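Here is the naming used below: chain letters follow the sequence lines, and residue numbers restart at 1 for every chain. Note that the coordinates shown come from a computational prediction; the quantities given were computed from them, not determined experimentally.
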Number of protein chains: 2
Amino acid sequence: MSAENLPRILIIDDELAIRRFLHTVLSGKDFSLHEAENGHAGLAAAAVFKPDIILLDLGLPDLDGIEVIRRLREWSLVPIIVLSVREHENDKVAALDAGADDYLTKPFGVGELLARIKAALRRSLQDVPEPVFISHDLQVDLTRRLVTIRGDEVSLTPTEYDILRLMVTHAGKVLTHGQILKQVWGIAYLEQPHVLRVNISNLRRKIEADPSRPRHIITEPGVGYRLTC
Amino acid sequence: MSAENLPRILIIDDELAIRRFLHTVLSGKDFSLHEAENGHAGLAAAAVFKPDIILLDLGLPDLDGIEVIRRLREWSLVPIIVLSVREHENDKVAALDAGADDYLTKPFGVGELLARIKAALRRSLQDVPEPVFISHDLQVDLTRRLVTIRGDEVSLTPTEYDILRLMVTHAGKVLTHGQILKQVWGIAYLEQPHVLRVNISNLRRKIEADPSRPRHIITEPGVGYRLTC
DNA sequence: CAATTGGTGTAAAGATTTTGTCAAGATCGC
DNA sequence: GCGATCTTGACAAAATCTTTACACCAATTG
C-alpha cells in the first residue's frame with residue numbers, strides 16, 4: 001500500500017514524551033503520522049493535514065481541549081479520541097458532549113488504543129464532507145471562518161456567521177425556524193422568530209446579488225429557510 | 001415527540017439487577033427501551049426491534065459476548081456499546097476488534113454512559129439516507145422537503161406539502177377525507193371537506209401534467225384520495 | 001328523457017398570517 | 001464613550017388560507 005492511502009493520524013499533545021511514545025507505538029502499524037504541540041497548531045494541522053483520526057490531549061498550554069473539540073466540530077466530523085490523565089467523569093462527559101468520539105484515560109494499554117483507533121476508522125470509512133462550501137458566487141471556508149462573494153471577502157457578525165455555518169452544514173435541506181433559533185440562539189428563543197428574520201435579511205444584504213430576489217438563502221414559507229447547493 | 005421517533009436502545013444482559021438499573025437510568029431520558037436476557041434472544045430482538053444502539057454484556061449464559069458481536073456484524077452496523085466487568089485489556093481488544101464501537105467497564109458512571117450513548121447516536125444519525133419517493137415524473141424528498149416534477153422543483157405551501165407528505169407515507173393506500181382532514185387541519189375540520197378539495201385541486205395543478213386527468217392523486221369517489229406508487 | 005341531487009373540481013375575492021425591511025433604542029466589549 | 005452588534009417595534013409586502021360562487025359529472029328519479 002502506498003503511503004498516501006495509509007490512515008492519517010494527527011496527534012495533538014504538548015508533552016514530547018507522549019508524542020514520542022505514540023509515535024513509537026503507531027509508526028510500525030501502517031499509519032501516516034502528524035504531530036502538533038498546542039491547540040492552535042492542532043487546529044491548523046487538522047485543516048491542512050486532513051487526518052482520518054485525531055488523538056487529542058486535553059491539557060494543552062494555549063487552548064482548553066474542550067474548546068479544540070468545539071472548534072473542530074464547527075467544520076469537521078473527523079473522529080476525535082481524547083487521551084487524558086483526567087479521569088473524573090465530568091471531564092469525560094464534557095469532552096464527549098462537545099463532540100469527541102472516545103475517551104481514554106492515561107495510562108492506557110497500547111492494544112486498547114489500537115483497537116479503539118481501528119474501531120473509529122472502521123466507522124468513519126464514510127465520505128468526509130469538504131470543509132469549503134462553494135455555490136455559484138458564494139464561497140464559505142469553514143476552517144478559516146472566511147466568506148467571499150464573487151471573490152470579495154464579506155464580514156459577517158458572529159450571529160450571521162453562525163446562521164450561515166448551520167445552513168452550509170445542512171446545505172440543500174430545509175432548516176425550520178425552530179431548528180435555527182435553537183441552534184443559534186438557544187432553546188429560550190424558540191418563540192422569537194423575529195430576530196431570525198432580521199438576521200436573515202441582513203445576511204441576504206451581504207451575500208445576495210439582489211437581496212429582494214435571493215438565490216442562495218431561499219425561504220420556504222411557513223417552514224424555514226434553505227441554502228441552495 | 002411521539003414514541004416512534006425516540007432513539008431505540010436494546011439491552012442484552014442476563015442480570016436482572018443490571019437491566020433494572022439501566023432501565024431506571026435510561027427510561028427518563030427519552031429512549032425507547034427493549035431488553036433481552038441472553039445472546040440468542042438478543043440477536044433475535046436486534047432483528048425485530050431494529051435498535052439504534054445495543055448495550056451488550058459480555059458474560060451471557062448461552063453465547064459468548066464476542067460471538068454475539070460477530071453475528072450482529074454479519075448483517076448490521078448498529079452501534080454496539082459493551083458493558084462488562086472484565087477489565088483486562090485483551091477482552092477490550094477482542095470486543096472492539098470483533099466490531100464493538102465502545103467498551104465500558106463496570107462499574108461505570110451514569111453520566112459517562114449517557115455521554116457515550118449520545119456520542120454513538122450522533123455518529124450514526126449523521127448519514128441515514130432517508131428514502132426518496134419516486135413515481136413516474138414525481139419525486140418527493142422528505143428529508144429535504146423538496147418536491148420535483150420532471151426534474152423541476154415545485155414550491156408547495158405548508159398545507160399542500162402536509163397533504164402530499166401524508167399521501168407519500170401512505171402511498172398506494174386510500175386515505176379517507178376524514179383521515180386527511182384530521183391529520184392536516186385537526187379534528188375540528190372534520191365537517192369541512194371543502195378546504196380539502198380546494199387544496200387537492202391546487203396540489204394537482206402543481207404536480208400533475210394534466211390536472212383534469214390526474215395520474216398521481218387519484219380520487220376514490222365517496223371515500224377519499226390515493227397516491228399511485 | 002329531462003330534472004334533480006350529491007359529490008366533486010375550479011376560480012377568484014377578501015381575510016388572515018407570515019415574512020421582509022427600516023430604524024430606533026439597548027447592550028456589550030474595548 | 002464609542003463602535004459594533006443585538007434586540008425590539010412599527011409597518012409594508014408577500015404568501016397563504018378560507019370562503020363563496022359556480023361549473024361539471026354521473027346516477028337517480030319523476
Interatomic distance where [atom1] belongs to [X] and [atom2] belongs to [N] [whole Å]:
{"X": "A:Asn202", "N": "D:dT5", "atom1": "CG", "atom2": "P", "result": "11 Å"}
{"X": "B:Leu203", "N": "C:dG9", "atom1": "CG", "atom2": "C1'", "result": "14 Å"}
{"X": "A:Asn199", "N": "D:dC6", "atom1": "CG", "atom2": "P", "result": "7 Å"}
{"X": "B:Glu220", "N": "C:dG7", "atom1": "CD", "atom2": "C1'", "result": "14 Å"}
{"X": "B:Leu196", "N": "D:dC17", "atom1": "CG", "atom2": "C1'", "result": "14 Å"}
{"X": "A:Gln192", "N": "C:dT19", "atom1": "CD", "atom2": "P", "result": "15 Å"}
{"X": "B:Asp210", "N": "C:dG9", "atom1": "CG", "atom2": "P", "result": "14 Å"}
{"X": "A:Arg213", "N": "D:dA14", "atom1": "CZ", "atom2": "P", "result": "10 Å"}

Nearest to side-chain heavy atoms of [X], which nucleotide of [options]:
{"X": "B:Ser212", "options": "D:dT7, D:dT16, C:dT10", "result": "C:dT10"}
{"X": "A:Thr157", "options": "C:dA23, D:dT19, D:dT5", "result": "D:dT5"}
{"X": "B:Arg205", "options": "D:dC6, C:dA11, D:dT8", "result": "C:dA11"}
{"X": "A:Thr219", "options": "C:dT19, C:dT21, C:dT8", "result": "C:dT19"}
{"X": "A:Tyr225", "options": "C:dG20, D:dT20, D:dT7", "result": "C:dG20"}

Discussion item. Classify B:Tyr189 by what it touches in the nucleic acid, base, sugar-phosphate, or nothing, heavy-atom distance under 4.0 Å.
Written reply: sugar-phosphate
Item to complete: Just call it for A:Pro193: base, sugar-phosphate, or nothing, with non-hydrogen atoms closer than 4.0 Å on any strand.
Response: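 Here A:Pro193 touches no strand at all.
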Short side-chain N/O contact to [N] OP1/OP2 from [X], under 4.0 Å:
{"X": "A:Trp185", "N": "D:dC6", "result": "no"}
{"X": "A:Thr159", "N": "D:dC6", "result": "yes"}
{"X": "B:Arg197", "N": "C:dT10", "result": "no"}

Worksheet item: Quick one: is the NZ or CZ of B:Arg8 closer than 6.0 Å to the six-membered ring centre of B:Phe31, and within 45° of its axis?
Response: no
Worksheet item: Are A:Leu96 and A:Asp101 close enough that some pair of their side-chain heavy atoms sits under 4.5 Å apart?
Response: no
Worksheet item: Is it true that atom CD of B:Glu208 has more than 12 heavy atoms of other residues, nucleotides or ligands lying nearer than 6.0 Å?
Response: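 Atom CD in B:Glu208 is crowded, with more than 12 foreign heavy atoms closer than 6.0 Å.
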Worksheet entry | D:dT20 base / B:His194 side chain donor-acceptor hit below 3.5 Å | yes
Worksheet item: Are any side-chain N or O atoms of B:His216 and backbone N or O atoms of B:Ser135, one a donor and one an acceptor, separated by less than 3.5 Å?
Response: yes
Item to complete: Decide, yes or no, whether a salt bridge links B:Asp137 with B:Arg215 under the criterion of side-chain N to carboxylate O below 4.0 Å.
Response: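 Salt bridge between B:Asp137 and B:Arg215, a charged N being under 4.0 Å from a carboxylate O: no.
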